[in-house]
Amino acid sequence: TSPNGGGGGGGAGAAPLTAAENRAVARRVCELLGVASPDFSKARWPARFERIVVDERVVLVDAAHNGYSVETLFRDARRRFRPEAVTVVFGCGDEKEGKADMLEALAASVDAIDRLYLVEA
């Protein structure tokens, strides 16, 4: 497991579904290419459900890049940490394809958001 509980899983609780999905896709690609599949259980994807602690608060860093990844970020965070309220810093370039889908997914989770900061990247 990764020491920070990041995108590769680890820490308390099950790995986020997106990490499990990423590992499954990687294993399948290796299968299709006819190459031996490495042990992905220790794989770590920086900024993918990466857990850090700042001033004794858990902070999740995630570079969600489409509506689906924003949805799964909130779903996995609720399952793993069961937060009553969260602060979200959402950054996205104005030209980002899929921005509307990401904002829609964010809006669907508004009930769990205590504070929201929108930053144009």
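- Across all non-hydrogen atoms, the minimal contact from A64 to M102 is O-SD, 3.9 Å.
- Under a 4.5 Å side-chain heavy-atom cut-off, the cluster of Ile, Leu, Val, Met, Phe, Trp and Tyr residues that includes V119 is completed by V89, Y117.
- R28 pairs by the side-chain hydrogen bond (donor to acceptor under 3.5 Å, both in side chains) definition with E31, not counting sequence neighbours.
- Not a single side-chain contact (heavy atoms from CB on, under 4.5 Å) links V110 to another residue, sequence neighbours left out.
- Residues I52 and L60 have side chains not in contact (no heavy-atom distance under 4.5 Å, counting atoms from C-beta outward).
- Shortest non-hydrogen contact noted between P38 and C30 is CD-SG, 4.0 Å.
- With rounding to the nearest 0.5 Å, the separation of CG in D76 from CD in E71 is 11.5 Å.
- Residues F90 and L103 have side chains in contact (heavy-atom distance under 4.5 Å, counting atoms from C-beta outward).
- With sequence neighbours left out, D101 forms a side-chain hydrogen bond (donor to acceptor under 3.5 Å, both in side chains) with no residue at all.
- Listed here is the closest heavy atom pair of A105 and G67: CB-O, 3.6 Å.
- Considering every non-hydrogen atom in both F49 and D62, the closest pair reads N-OD2, 2.7 Å.
- Each of L73, L118, V70, L116 was evaluated against V88; a single residue qualifies, L116, per the side chain to side chain contact (heavy atoms under 4.5 Å, CB included) test.
- Of all the heavy atoms in T72 and R75, the pair that sits closest is CG2-NH2, 3.1 Å.
- Residues F40 and R23 come closest through the heavy atom pair O-CD, 3.0 Å.
- Two residues are said to be in side-chain contact when any heavy atoms from C-beta on lie closer than 4.5 Å; F74 and R79 fail this criterion.
- Listed by chain and residue number, V29 satisfy the side-chain contact (heavy atoms from CB on, under 4.5 Å) test with V25 (two or more places apart in sequence, or in another chain).
- Judged as a side-chain hydrogen bond (donor to acceptor under 3.5 Å, both in side chains), and not counting sequence neighbours, D55 has no contacts.
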